[in-house]
Each structure stands twice: as C-alpha cells, then as structure tokens.
J.: 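A single structure is presented below for examination.
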Amino acid sequence: MSANAASIRCIDLAAADFSKIPEAPTHIAAAKVAAPDGALMDYCEVEGYVEPTVGFRLRLPLNQWNGKLIELGCGGACGTTDDRSPLYTFKCADPLRRGYACIVSDGGHKSSGLEMQWADHNPPAVIEYLVRASHVTAIAGKAIAQRYYGQPPNLSYFLGCSAGGIQAMSEAQRFPSDFAGIVAGSPALHLAGNWTNWLWANRELTSASGEPLLRRADLEYLHQRVLAKCDLNDGLEDGLIGDPRQCDFIVADVQCTASQTDHCLTRRQVQAVERIYGGPTTSKGKPIERPIAMKGSERT
C-alpha cells in the first residue's frame with residue numbers, strides 16, 4: 001500500500017460504520033495520520049468509543065504492520081486513553097516500532113486515575129472498568145484493523161499491570177479467546193485490602209498536625225538497616241530481600257536512646273513502622289487485612 005493510499009484509508013475510517021459489531025457497537029470520533037514521534041514509524045491514529053462509555057485509542061502502522069494487535073491495560077483507576085500517562089506501565093511506542101497495531105482504553109470512564117468518585121453507587125461502571133472494557137476494546141480493535149488492512153490480525157495479545165493486571169486476569173478467565181497470549185503483571189486482585197492498607201499506612205505516617213511522621217531520610221535509613229539485617233538471607237548481597245516474610249529485623253533496634261539521638265527513629269516513629277508492617281487492625285488489635293508493606297519496601 002502506498003503512503004498516500006494508506007493515509008486516505010486512515011482518514012476514511014472516520015466515516016466507517018462499526019455500530020453493528022456484536023457485543024461492541026463502536027463509533028469513531030476521529031482518524032488521522034500521526035507525524036513520526038522520534039523513532040516511531042508513521043501510523044494511523046483512531047479515537048472512538050464502544051457503547052456506552054468505553055473510550056479507546058488505536059494506532060495502526062501505515063505500511064509495516066506485522067499482522068499482530070496488542071492491547072495495553074491501564075493502571076490505577078484508569079480514566080484516559082493517553083498511554084503516555086503514568087497510569088500506563090506499558091506504552092504503545094515500543095510495540096509500534098515493532099510493527100504492532102496498539103490499542104488502549106480508558107476503562108469506561110474519564111478520571112485522573114487517582115480518584116474513584118465515578119464508581120460511587122455505580123456498580124455498572126466498576127464492571128466496565130475491570131471486566132468489560134478490555135473485552136470490547138479487543139473486539140473493536142480487531143474489527144477496525146481488519147477494515148484498515150483488509151485482513152484481521154493473525155495474533156492478538158494483552159499486556160497489563162496493576163489494574164491492567166486485573167483486566168488481564170479477567171480476560172483469561174472470562175474471554176480466553178480474545179487473545180493468543182495474556183501477560184498479567186502485579187494484578188491488584190484484592191482492591192479493598194490494598195486500599196485499606198494504604199489508608200492505614202497514610203494515617204500512621206501522618207502526625208496529628210498533618211505533617212509527615214517519617215521523612216525521606218528516615219525511610220532511607222530504615223531501608224538500609226533492614227537490608228543490613230536481611231539482604232543475605234538468600235545468600236546473595238544484591239540490595240534485595242529474597243523472602244521478606246523470613247526477615248527477622250526488629251524495628252525497636254533502631255529506636256533512639258538517651259545516648260544516641262542521630263541516625264535512629266523516635267519511639268513514635270518506631271510504633272508507626274511496626275503498625276505498618278503489621279497491617280490494619282481494629283481498635284482491639286484484631287487484624288482486618290493482611291499486611292502488604294513488607295520489610296524491604298520502605299522506599300515505596
């Protein structure tokens with residue numbers, strides 16, 4: 001296909017009717033040829049949505065398509081189709097260089113990716129976010145690619161991390177025929193537990209006046225002490241703890257004393273760290289969720 005013919009075919013996608021696609025009635029909002037970005041090849045960029053609210057952005061290599069489609073899952077609360085956002089662990093840039101058609105979705109809603117108000121009293125939106133969006137985006141992407149290239153993708157893949165990892169797991173369980181291969185990175189499968197732990201840690205790390213209880217230097221000091229105690233547990237000194245569950249570091253060992261007031265933690269700081277490692281509990285000390293802040297994770 002000549003460059004001119006490829007460009008015309010791209011622009012023509014904007015007028016194409018995809019509204020009758022089974023399971024995924026699709027509408028194109030815009031289709032244009034994108035200028036090269038660094039080492040990227042020319043590509044056709046298609047923006048649209050699948051009814052009722054799943055927004056997507058598809059990039060189609062103009063002339064060097066490898067016959068494959070890859071869908072990238074979004075992270076956090078999703079909410080955007082801009083894969084350059086920090087919400088996307090994986091970007092379309094590298095797959096495009098390799099000749100893949102690459103598609104992303106916003107999870108069925110618009111948001112900053114850091115807030116969940118859109119989900120309040122809205123169960124269908126949560127289903128769109130974690131279950132349906134990745135499925136219908138795959139269907140739409142394949143149909144548009146077939147229209148543009150004259151043939152469907154030979155192979156399709158899904159790659160996601162965090163919330164994208166949940167989407168990947170959902171795809172594998174509910175829609176296994178969507179993709180030939182699925183990579184589920186760090187799937188945040190227990191969101192209630194994760195958010196409870198984050199809230200717990202945030203409260204512990206904040207003083208009554210709203211100031212940080214531990215500064216970056218304090219956390220770095222703590223991290224180095226944990227490594228000094230447990231880095232060699234796996235027989236290799238590499239700055240990593242092989243199994244944090246087997247780390248017997250005692251936080252009280254770094255508490256300040258009358259004779260040592262530098263390079264140490266105050267009693268209040270020690271209590272906060274112990275509570276974060278221990279995980280959320282009730283006022284009577286009964287565990288609410290399993291802890292997710294393991295020894296060695298102090299930098300995060």
Side-chain angles (χ1 to χ4, degrees), residues 1-37 40-74 78 80-84 88 90-108 110 128 132-160 164 167-168 171 175 177-182:
M1 189 189 311
S2 69
N4 185 55
S7 298
I8 293 173
R9 185 168 293 189
C10 172
I11 296 170
D12 286 347
L13 286 174
D17 183 7
F18 296 97
S19 64
K20 302 300 190 294
I21 299 176
E23 289 191 75
T26 299
H27 302 272
I28 306 300
K32 64 181 181 180
V33 175
D37 180 12
L40 291 181
M41 64 181 70
D42 291 348
Y43 58 89
C44 175
E45 182 171 274
V46 182
E47 294 185 70
Y49 72 96
V50 179
E51 296 180 14
T53 59
V54 179
F56 66 84
R57 182 176 300 184
L58 170 64
R59 297 180 179 92
L60 302 158
L62 289 190
N63 286 302
Q64 300 180 46
W65 185 43
N66 64 11
K68 302 174 185 177
L69 171 76
I70 187 166
E71 180 178 343
L72 305 181
C74 46
C78 298
T80 181
T81 60
D82 183 1
D83 64 287
R84 295 168 297 181
Y88 284 88
F90 307 105
K91 319 292 184 181
C92 277
D94 187 58
L96 276 170
R97 291 188 187 99
R98 299 168 183 240
Y100 285 82
C102 184
I103 192 168
V104 300
S105 86
D106 60 10
K110 306 298 182 187
E128 292 282 272
R132 184 173 176 269
S134 52
H135 172 55
V136 298
T137 297
I139 295 174
K142 292 176 185 179
I144 299 170
Q146 180 170 0
R147 177 66 172 264
Y148 182 72
Y149 294 114
Q151 65 182 66
N154 298 320
L155 293 169
S156 299
Y157 303 100
F158 187 93
L159 175 62
Q167 293 172 330
E171 280 293 314
F175 310 106
S177 62
D178 280 353
F179 301 101
I182 297 172

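Keep in mind it's a predicted model, so treat the numbers as computed, not measured. FYI, side chains are in, hydrogens and waters are out, and symmetry mates aren't considered; it's all heavy atoms of this structure.
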J.: Please give me the minimum heavy-atom distance between Glu51 and His27, naming the atom from each residue.
T.: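 In terms of heavy atoms, the two residues are closest at OE2-NE2, 2.6 Å.
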
J.: Show the nearest heavy-atom pair for residues Ala14 and Ile28, with the distance to one decimal.
T.: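 Smallest heavy-atom distance, with atoms named: CA-CG2, 3.8 Å.
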
J.: Mind checking the CZ-OG1 spacing from Arg132 to Thr137? Nearest 0.5 Å is all I need.
T.: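 The distance works out to 9.0 Å.
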
J.: Can you tell me how far apart CZ (Arg97) and OH (Tyr43) are? Round to the nearest 0.5 Å.
T.: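 Between Arg97 CZ and Tyr43 OH, I get 10.5 Å after rounding to 0.5 Å.
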
J.: Please enumerate all residues that pass side chain to side chain donor-acceptor pair (under 3.5 Å) together with Gln146, with sequence neighbours excluded.
T.: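 Partners of Gln146 under the side chain to side chain donor-acceptor pair (under 3.5 Å) test: none.
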
J.: Check whether any side-chain heavy atom of Cys10 lies under 4.5 Å from a side-chain heavy atom of Leu60, and answer yes or no.
T.: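 No, side chains not in contact.
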
J.: Arg9 versus Cys44: any side-chain heavy-atom pair under 4.5 Å?
T.: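 With C-beta onward as the side chain, the pair stays apart.
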
J.: For Ser134, give me all partners under side chain to side chain donor-acceptor pair (under 3.5 Å), at least two apart in sequence or on another chain.
T.: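 Ser134 satisfies side chain to side chain donor-acceptor pair (under 3.5 Å) with Glu171 once adjacent residues are dropped.
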
J.: Spell out, as yes or no, whether a donor-acceptor pair under 3.5 Å connects the side chain of Asn66 to the backbone of Arg98.
T.: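 Looks like yes, one N/O pair under 3.5 Å.
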
J.: Sequence neighbours left out, what passes ring-ring contact (aromatic ring centres under 6.0 Å, His included) with Phe56? Give chain and number order.
T.: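 Not a single residue meets the ring-ring contact (aromatic ring centres under 6.0 Å, His included) criterion with Phe56.
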
J.: Going by the rule side chain to side chain contact (heavy atoms under 4.5 Å, CB included), which residues pair with Pro61 if we only count those two or more places apart in sequence or in a different chain?
T.: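 For Pro61, the residues satisfying side chain to side chain contact (heavy atoms under 4.5 Å, CB included) (neighbours in sequence not counted) are Met41, Trp65, Leu96, Ala101, Tyr149.
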
J.: Is there a donor-acceptor contact under 3.5 Å from the side chain of Lys142 to the main chain of Leu69?
T.: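 Pair absent, no side-chain N/O of Lys142 close to backbone of Leu69.
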
J.: Residues two or more places apart in sequence or in another chain: which of them pass side chain to side chain donor-acceptor pair (under 3.5 Å) with Glu23?
T.: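 Glu23: side chain to side chain donor-acceptor pair (under 3.5 Å) contacts with His135.
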
J.: Does the pair Ile139 and Val50 meet the rule for a side-chain contact (heavy atoms from CB on, under 4.5 Å), with working shown?
T.: CA-CA 10 Å; Ile139 295 174; Val50 179; over 6 Å; no

J.: Taking only residues two or more places apart in sequence or in another chain, which ones pass side chain to side chain contact (heavy atoms under 4.5 Å, CB included) with Ala29?
T.: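 Residues passing side chain to side chain contact (heavy atoms under 4.5 Å, CB included) with Ala29: none at all.
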
J.: Considering all heavy atoms of both residues, which atom of Thr26 and which atom of Ala140 are nearest to each other, and what is their separation?
T.: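 Answer, listing the atom of Thr26 first, then Ala140: OG1-CB, 3.5 Å.
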
J.: Only counting residues at least two apart or in another chain, list the ones meeting side chain to side chain contact (heavy atoms under 4.5 Å, CB included) with Ala30.
T.: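 With neighbours one apart ignored, the set is empty.
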
J.: Once you round to the nearest 0.5 Å, how far does SG of Cys74 lie from CZ of Phe90?
T.: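 So the SG of Cys74 and the CZ of Phe90 are separated by 13.0 Å.
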
J.: Residues two or more places apart in sequence or in another chain: which of them pass side chain to side chain contact (heavy atoms under 4.5 Å, CB included) with Ile11?
T.: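 Not a single residue meets the side chain to side chain contact (heavy atoms under 4.5 Å, CB included) criterion with Ile11.
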
J.: Roughly how far apart are Gln167 CD and Leu72 CG, rounded to 0.5 Å?
T.: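 Reported value, rounded in 0.5 Å steps: 10.5 Å.
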
J.: Set out, in order, the CA-CA distance, both residues' side-chain angles and the distance that settles side-chain contact (heavy atoms from CB on, under 4.5 Å) for Leu13 and Phe18, then state yes or no.
T.: CA-CA 10 Å; Leu13 286 174; Phe18 296 97; 4.3 Å; yes

J.: Does the Tyr157 side chain pair with the main chain of Lys68, one donor and one acceptor, at a distance under 3.5 Å?
T.: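 No, Tyr157 side chain to Lys68 backbone: no donor-acceptor pair under 3.5 Å.
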
J.: Taking the side chain as everything from C-beta on, heavy atoms only, tell me whether Ile144 gets closer than 4.5 Å to Ile103.
T.: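 No. Closest side-chain heavy atoms not under 4.5 Å.
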
J.: What salt bridge (Lys or Arg N to Asp or Glu O under 4.0 Å) pairs are there with at least one residue in residues 52-63, not counting sequence neighbours?
T.: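 Residue pairs with at least one partner in residues 52-63: Glu45-Arg59, Glu47-Arg57, Arg59-Asp83.
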
J.: Under 4.5 Å between any side-chain heavy atoms of Ile21 and Val136, yes or no?
T.: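 No, their side chains stay 4.5 Å or more apart.
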
J.: Residues in side chain to side chain donor-acceptor pair (under 3.5 Å) with Asp17, at least two apart?
T.: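 Per chain and number, Asp17 pairs via side chain to side chain donor-acceptor pair (under 3.5 Å) with Ser19.
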
J.: Please name the pair of heavy atoms, one in Ala133 and one in Ser105, separated by the smallest distance, quoted to 0.1 Å.
T.: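 What the structure gives for the nearest pair is CB-OG, 3.9 Å.
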
J.: With sequence neighbours excluded, what pairs up with Asp12 under the salt bridge (charged side-chain N to carboxylate O under 4.0 Å, His left out) test?
T.: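 In terms of salt bridge (charged side-chain N to carboxylate O under 4.0 Å, His left out), with neighbours along the sequence ignored, Asp12 is linked to no residue.
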
J.: If you round to the nearest 0.5 Å, how far is CG of Asp82 from OH of Tyr88?
T.: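 So the gap between those two atoms works out to 8.0 Å.
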
J.: Please report the interatomic distance CG(Leu62) to OG(Ser7), rounded to the nearest 0.5 Å.
T.: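 Here the rounded value is 5.5 Å.
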
J.: Would you please name every residue forming a salt bridge (charged side-chain N to carboxylate O under 4.0 Å, His left out) with Lys110, sequence neighbours left out?
T.: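 In terms of salt bridge (charged side-chain N to carboxylate O under 4.0 Å, His left out), with neighbours along the sequence ignored, Lys110 is linked to Asp106.
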
